[in-house]
Amino acid sequence: QGVLVPGLGTFAVVHEQVDGAEEVYVVRRPVFQLDMDVSCLRKLMFPTVMIPGDIEIAPLDYWWLSQTTSLPPDILRDCVEETVLLYSCQLKDRQHVAFAFGDIGVLSCQDNVLCMRFHRSCVEKLESWDTWVALLLT
């Protein structure tokens with residue numbers, strides 16, 4: 001399943017097949033598909049990530065988040081929207097600030113390349129069997 005963060009992009013977990021020397025591995029790894037206003041991304045490069053069409057994409061669950069943060073869902077929605085807007089404005093003004101996602105990873109811009117870097121712990125939680133293969137692919 002994937003989660004859409006409006007104005008920013010979609011986080012998902014994909015299954016990827018890797019041919020090894022003696023066997024085929026199938027690993028689960030996180031991906032991030034950027035979905036920002038193109039005017040914010042001028043002169044920035046970013047990896048093209050395609051999430052397979054068979055992965056169900058759900059909108060960000062503000063009600064669930066409100067249960068974990070004790071903030072009302074409408075306040076959380078406003079906070080997310082304002083934060084994404086602020087980040088977009090910073091990118092547009094060439095302020096390459098890193099955008100951290102808790103236990104997931106960091107969206108950052110280095111040398112005009114905007115890239116999502118997932119924390120090792122995030123990859124390990126998703127793929128405990130072939131962690132090193134998943135880490136190399138991510």
Side-chain angles (χ1 to χ4, degrees):
Q1 181 175 355
V3 176
L4 171 66
V5 179
L8 186 66
T10 303
F11 289 93
V13 177
V14 297
H15 293 263
E16 191 161 329
Q17 183 173 316
V18 179
D19 296 325
E22 296 181 20
E23 61 185 294
V24 175
Y25 300 93
V26 177
V27 296
R28 293 168 31 105
R29 68 180 188 92
V31 294
F32 176 70
Q33 182 177 320
L34 191 66
D35 183 26
M36 291 184 82
D37 181 8
V38 178
S39 67
C40 298
L41 302 175
R42 60 178 177 230
K43 296 195 179 184
L44 288 180
M45 294 182 295
F46 50 93
T48 303
V49 175
M50 297 304 295
I51 296 175
D54 62 339
I55 294 181
E56 179 184 336
I57 306 297
L60 191 58
D61 188 342
Y62 296 104
W63 182 86
W64 182 84
L65 284 174
S66 74
Q67 301 303 302
T68 62
T69 63
S70 72
L71 292 171
D74 56 329
I75 300 292
L76 272 170
R77 180 177 282 110
D78 290 345
C79 288
V80 169
E81 288 172 0
E82 291 294 322
T83 302
V84 169
L85 181 61
L86 175 63
Y87 190 67
S88 299
C89 290
Q90 289 173 326
L91 288 176
K92 199 174 200 176
D93 292 342
R94 295 197 160 103
Q95 299 175 32
H96 297 164
V97 179
F99 193 118
F101 294 90
D103 295 332
I104 299 171
V106 178
L107 181 62
S108 62
C109 190
Q110 295 177 339
D111 300 323
N112 288 327
V113 177
L114 186 61
C115 182
M116 182 69 200
R117 299 186 198 294
F118 291 94
H119 295 310
R120 177 181 174 159
S121 59
C122 174
V123 176
E124 288 173 340
K125 285 177 189 173
L126 294 172
E127 181 58 54
S128 58
W129 183 254
D130 288 317
T131 304
W132 286 109
V133 174
L135 285 168
L136 287 171
L137 292 172
T138 303

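Quick note: numbers below take in every heavy atom, side chains included, and nothing from hydrogens, waters or symmetry partners.
Once rounded to the nearest 0.5 Å, the distance linking CZ of F99 with SG of C109 reads 14.0 Å. Annotation: the span from Q33 atom CD to I57 atom CD1 amounts to 7.5 Å, rounded to 0.5 Å. One finds the CH2 atom of W64 at 9.5 Å from the OG1 atom of T69 (value rounded to the nearest 0.5 Å). The OG atom of S66 sits 11.0 Å away from the CD1 atom of I75 when rounded to the nearest 0.5 Å. Atom CG of L71 and atom OG1 of T68 lie 9.0 Å apart (nearest 0.5 Å). Atoms CG and CG, from L4 and D61 in turn, are 12.5 Å apart once rounded to the nearest 0.5 Å.
Under the 4.5 Å side-chain heavy-atom criterion for Ile, Leu, Val, Met, Phe, Trp and Tyr, M45 and L91 are members of distinct hydrophobic clusters. A continuous path of hydrophobic side-chain contacts links V3 to L8 [ILVMFWY only; heavy atoms under 4.5 Å]. A continuous path of Ile, Leu, Val, Met, Phe, Trp and Tyr side chains, each step under 4.5 Å between heavy atoms, connects V31 with I55, placing both in one hydrophobic cluster.
The closest side-chain heavy-atom distance from V84 to P6 is not below 4.5 Å. Counting heavy atoms from C-beta outward, V123 and P30 have side chains that approach closer than 4.5 Å. Residues R29 and V14 form a side-chain contact, since some pair of their non-hydrogen atoms from C-beta on lies under 4.5 Å apart. Side-chain contact between L107 and L114: present, with at least one pair of heavy atoms (C-beta onward) separated by less than 4.5 Å. T10 places none of its side-chain heavy atoms less than 4.5 Å from the side chain of D35. For the pair I104 and F32, the minimum side-chain heavy-atom distance is 4.5 Å or more.
Crowding of D93 atom CG: a count of heavy atoms from other residues, nucleotides or ligands under 6.0 Å exceeding 12. Around atom CG of D74, more than 12 heavy atoms belonging to other residues, nucleotides or ligands sit under 6.0 Å away.
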Evaluate side-chain contact (heavy atoms from CB on, under 4.5 Å) for Q110 paired with C115, printing each intermediate quantity in order.
-> CA-CA 8 Å; Q110 295 177 339; C115 182; over 6 Å; no
Going through the distances and angles, do M36 and Y87 end up as a side-chain contact (heavy atoms from CB on, under 4.5 Å)?
-> CA-CA 10 Å; M36 291 184 82; Y87 190 67; 4.2 Å; yes
Pair L44-H96, side-chain contact (heavy atoms from CB on, under 4.5 Å): steps then yes or no = CA-CA 10 Å; L44 288 180; H96 297 164; 3.8 Å; yes
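The closest donor-acceptor contact from the side chain of Q90 to the backbone of V97 lies at 3.5 Å or more, if one exists at all.
Contact record, S108 with R117: OG-NE, 4.1 Å, taken as the closest heavy-atom pair. K43 and R94 get closest at one heavy-atom pair: CD-NH2, 3.1 Å. Minimum interatomic distance between Q1 and A58 (heavy atoms only, all atoms of both residues): NE2-CB, 3.2 Å.
Using cut-offs of 30° and 60° for the angle between ring planes, the F101 and F11 rings count as perpendicular.
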